[in-house]
Number of protein chains: 2
Amino acid sequence: MSRSSSGYHHGDLRRALVEAGSALLEEQPPARISLREVARKAGVSHAAPYHHFGDRGGLLKAVGDECMRDFLDRQEAAAAAAADPAERLVALGAAYVSFADERPHAFALVFDPELCPPDDPSPERAPLIARNEQLLAECVAAWLEYRGRSQEDLEALAAALWGTVHGLAALVGEGQLALEQVGPALRALVRHG
Amino acid sequence: MSRSSSGYHHGDLRRALVEAGSALLEEQPPARISLREVARKAGVSHAAPYHHFGDRGGLLKAVGDECMRDFLDRQEAAAAAAADPAERLVALGAAYVSFADERPHAFALVFDPELCPPDDPSPERAPLIARNEQLLAECVAAWLEYRGRSQEDLEALAAALWGTVHGLAALVGEGQLALEQVGPALRALVRHG
DNA sequence: CCTCCTTCTTGACGGTGTAAAGATTGGGGT
DNA sequence: ACCCCAATCTTTACACCGTCAAGAAGGAGG
């Protein structure tokens, strides 16, 4: 079954393709990844992917889902390891930025509006998005309570923090900003109101 | 000279191609814009662009330069129209975000690390980058003085503000955040330290 | 054992980026 | 005035790509 080295019936081609795509993504931006190259890397014909993913976008989206999972895992692990709510918020942001720094193409794919649309209702993506939103909301809510403030503008504050961290991450991922500049930048932002 | 409708010697093909590319960019993301389609739109053979721009990337970069100019003009106009340094900083950010909202593909192109590398030393791009950095630095410096604070961490604060605004702009441009959420988000960020 | 259904291959089509070679034209030197 | 040249654009060609249609291979259930 899984030990068939003869052409047809690969065993678990879907996973193999996603892994091949993920491997290529470490060295190439999403736009440069071709379906045929992924198929070649997985040792199958160029049309094989079409049965598992409808088209090129489908494959890239599956790879993006994998990246999103990694991205989320990292945020959750960082949040879990923090002591108090303030540290937790910082750890969350640090995980966000360092992911973009270490895997810029994966980060770009996750936020590519063509390949990974933001309002994707698919059963693979939707729970990930929900979990990420919830994680952020929880951390911000805990921090607000920790500081003894009202939860009134929880949503707005969450959006603002998301924007700040996302912007720094994007700039780092695109090479516009060095990772070392992020820490000082955030410290300066806290210092001035 | 410029009125030659017969095939060869277009007159000002370079500009025509950039304009055709810019027009396509209003409806398509950079990745979907093909050299041949741009050439077609300009009424010229598919290999014509190669004499003016080395390759596809060259054309897209030229289009990106044009977008960057628009982007900068908008920021400068917004900054010039503001009364005091505080308003000026807000206006700068608002211009940044609204550009990403109105022309998401242009925004994406300007910050595409493949097509428009961040450390591009080319004579078209370098002055634009410098001008933008200077504009931000000036606005932040003026604001610091306006508030009677030290200019010590000017650079770090500029990076932080850039990150914040860029993040919100990117999220809006990618459809992850609605434009209406940006104002409340920033207000919440100011409210809490 | 035979059949069916899933999975994968082969082959083909149009589109793309790019390079090489050929056509056209405007302008400078005589 | 002419000729030649260099710049500009076209034509042709090639490899690669995404996608679709048809066919082969093999496992699962009768």
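Excluded from the calculations below are hydrogen atoms, water molecules and symmetry mates; all remaining heavy atoms, backbone and side chain alike, are included. Fair warning: this is a prediction, and the values are worked out from it, not measured in the lab. All chains are named by letter (A, B, ...) in the order of the sequence lines, taking the proteins before the strands, and each is independently numbered beginning at 1.
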Thinking salt bridges, do A/R131 and A/E138 make one under a 4.0 Å N-O criterion?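 No.
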
Given C/dT7, is OP1 or OP2 found less than 4.0 Å from the side-chain N or O atoms of A/H51?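 It does, given that an N or O in the side chain of A/H51 lies less than 4.0 Å from OP1 or OP2 of C/dT7.
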
Short side-chain N/O contact to C/dT6 OP1/OP2 from A/H52, under 4.0 Å: no

Find the distance [X]:[atom1] to [N]:[atom2] and express it as a whole number of Å.
X: B/Y50; N: D/dA13; atom1: OH; atom2: C1'; result: 14 Å
X: A/L13; N: C/dT9; atom1: CG; atom2: C1'; result: 12 Å
X: A/H10; N: C/dT6; atom1: NE2; atom2: P; result: 20 Å

For [X], does the [atom1] atom sit with more than 12 other heavy atoms under 6.0 Å from it, leaving out its own atoms?
X: B/E114; atom1: CD; result: yes
X: A/R149; atom1: CZ; result: yes
X: A/Q28; atom1: CD; result: yes
X: B/R15; atom1: CZ; result: no

For the side chain of A/D55, starting at C-beta, report the closest nucleotide among D/dT19, D/dC9, D/dC20. D/dT19

Aromatic plane relationship, B/F71 with B/F107 - under 30° parallel, 30 to 60° tilted, over 60° perpendicular: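 If you compare the ring of B/F107 with that of B/F71, the planes turn out perpendicular.
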
Using the 3.5 Å cut-off, write out each protein N or O paired with an N or O of nucleotides 21-23 of chain C and the distance between them.
none

Per the under-4.0 Å heavy-atom filter, residues of residues 33-46 of chain B near DNA chain D come out as B/V44, B/S45, B/H46

